[in-house]
Protein chains: 2
Amino acid sequence: MDDVNANALTDTLSFRLGVLGPLVSARFAGAVEPLGVKPKHVGLMAVLSAGAPASQQELARVMSVVPSLVVGLADQLEELGAIERVRDPADRRRHRLSLTDAGRELLAACLAAAAALDAELTASLGVRDREVLLRLLGVLAREAGLPA
Amino acid sequence: MDDVNANALTDTLSFRLGVLGPLVSARFAGAVEPLGVKPKHVGLMAVLSAGAPASQQELARVMSVVPSLVVGLADQLEELGAIERVRDPADRRRHRLSLTDAGRELLAACLAAAAALDAELTASLGVRDREVLLRLLGVLAREAGLPA
DNA sequence: TATTGTTATACTCTATAACTATA
DNA sequence: TATAGTTATAGAGTATAACAATA
């Protein structure tokens, strides 16, 4: 946009999102690494935080990942004491996962890390622009059929 | 934002970008797959298109990937006839990569795919909002030290 | 000795498929 | 027979490290 001869591909939404996504993810991953979790763990906790205790199948569906992946994530979160796994008495095949108090604290710390990263990313943006950006990305997320 | 009790993590820029990025990338990858390329190939062509013929080291630096990765990408683009590799007579260690006419056509097709995806993603957005979103993401990309 | 490109190898992430137990 | 969870395996993508040619 600065250069009239700039390659138009870099001026597409798709390109910018495709480039910024991994970059932001990597920085977020680095920020929560000291907490012992990775972005996918945080995503799982966020889903649990949003609703009632869920089965691993439900988690997998909402997160758009395969159920076998949830196993490992839940294992590690359980080791950290962030979630509890209890068998559903009504259907003993199911595990009902829920956040513990420690898990809520951990999630809060991850949220703080995300907020700090947001502040860095939008350092050159006004408050108004920042709100607009967040809102428009929210629209896109819904459009794409995301739980966000 | 719709729900007052919504998990605040999903209301961060970091989270939304981290989720939307891979999703958009995957859709873009599907769109250019029939053309025989993947997003990274397109990225390489975009860099070449933006400037003068570049060495593989330069490409790697601009793309924020390791030089050994450029080797394979360039190999495949050369097989497609999209780029040319010529030894730099001034420094015979270097290869100078440049887009061919076929490469420019291929890149144009990828741009069209990106534009079509943009239209899908922003279907529920007004023209004004779409422009704003694109501009703000551009600011973020610069802030993050990206070539875009 | 330093640098470019290359090759060989390993690591991370995620998916697919096969298996166990419950239903 | 179907489903929840698990385990084992495989694939994609990318990085690290060793190497050859050139400077």
Side-chain angles (χ1 to χ4, degrees), chain A residues 18-19 21-33 36-44 47-48 52-79 83-98, chain B residues 18-19 21-33 36-44 47-48 52-79 83-98:
Chain A
V19 169
L23 192 137
V24 171
S25 288
R27 286 176 66 169
F28 181 67
V32 297
E33 195 201 6
V37 291
K38 300 188 175 184
K40 279 273 188 296
H41 297 112
V42 183
L44 197 160
V47 175
L48 283 183
S55 74
Q56 296 182 190
Q57 298 276 347
E58 289 165 344
L59 266 328
R61 189 161 25 76
V62 174
M63 294 175 68
S64 298
V65 297
V66 89
S68 62
L69 181 58
V70 177
V71 176
L73 295 173
D75 282 350
Q76 292 152 350
L77 287 172
E78 201 176 22
E79 270 181 38
I83 68 168
E84 269 181 349
R85 241 185 194 136
V86 302
R87 283 215 175 267
D88 184 339
D91 183 344
R92 291 182 42 74
R93 291 173 303 183
R94 296 193 183 195
H95 285 165
R96 298 189 79 81
L97 309 193
S98 56
Chain B
V19 169
L23 193 138
V24 171
S25 287
R27 286 176 67 169
F28 180 67
V32 297
E33 196 200 6
V37 290
K38 302 188 174 184
K40 278 275 188 294
H41 296 112
V42 183
L44 197 160
V47 175
L48 284 184
S55 74
Q56 296 181 188
Q57 298 275 348
E58 289 166 344
L59 265 328
R61 190 161 23 77
V62 174
M63 294 175 69
S64 299
V65 295
V66 89
S68 62
L69 181 59
V70 177
V71 176
L73 295 172
D75 282 349
Q76 291 152 351
L77 287 172
E78 201 176 23
E79 270 181 37
I83 67 169
E84 269 181 349
R85 241 188 195 135
V86 303
R87 283 215 174 267
D88 184 339
D91 183 343
R92 290 180 44 72
R93 290 173 303 182
R94 295 192 182 196
H95 283 166
R96 297 188 78 81
L97 309 193
S98 57

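Protein chains get the first letters and strands the later ones, always in sequence-line order, with residue 1 at the start of each.
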What's the CG-C1' distance between B/Leu44 and D/dG13, to the nearest Å? 16 Å

Side chain of A/Leu69 (C-beta onward), nearest among C/dT14, D/dT6, C/dT6: C/dT14

Roughly how far, to the nearest 0.5 Å, is CG of A/Leu59 from CG of A/Leu44? 4.0 Å

In whole angstrom, what separates A/Asp88's CG from D/dG5's C1'? 13 Å

Using whole Å, what does the distance between atom C1' of nucleotide D/dA15 and atom CZ of B/Arg61 come to? 18 Å

Using the side-chain heavy atoms of B/Arg93, tell me which of these nucleotides is nearest: D/dT22, C/dT7, D/dA15. D/dT22

Straight-line distance of A/Ser55 OG to A/Arg96 CZ, nearest 0.5 Å: 7.5 Å

Taking N and O atoms by type only, does the side chain of A/Ser68 place a donor or acceptor under 3.5 Å from a partner on the base of C/dT16? yes

By nearest-heavy-atom nucleotide on DNA chain D, the more 5' of B/Ala90 and A/Pro67 is A/Pro67

The test is side chain to side chain donor-acceptor pair (under 3.5 Å); show your working for A/Arg94 and A/Gln57 and say whether it passes. CA-CA 9 Å; A/Arg94 296 193 183 195; A/Gln57 298 276 347; over 6 Å; no

Atom CZ of B/Arg96 and atom P of C/dT3 are separated, to the nearest Å, by 18 Å

OP1, OP2 of D/dT22 versus side-chain N and O of B/Arg92: anything below 4.0 Å? yes

Below 4.0 angstrom from OP1 or OP2 of C/dT6, is there any side-chain N or O of B/Arg85? yes

Roughly how many Å is it from CG in B/Asp75 to P in C/dT4, rounded to a whole number? 18 Å

Interatomic distance, B/Lys40 NZ vs D/dA12 P [rounded to whole Å]: 16 Å

Nearest-angstrom distance from the residue atom NE2 of B/His95 to P of C/dT7: 10 Å

Quick one: do B/Glu79 and B/Gln76 satisfy side-chain contact (heavy atoms from CB on, under 4.5 Å)? Show the steps, please. CA-CA 5 Å; B/Glu79 270 181 37; B/Gln76 291 152 351; 5.5 Å; no

Rounded to the Å, how far apart are A/Gln56 CD and D/dT3 P? 17 Å

Earlier contact from the 5' end, DNA chain C, for A/Lys38 and A/Asp91: A/Lys38

Give a yes or no answer on whether the side chain of B/Arg87 reaches the backbone of B/Arg92 with a donor-acceptor pair at less than 3.5 Å. yes

Hey, does A/Arg87 reach any base, or is it just sugar-phosphate, or nothing, if we go heavy atoms under 4.0 Å? nothing

So A/Gln57, base contact, sugar-phosphate only, or nothing? Heavy-atom distance under 4.0 Å. base

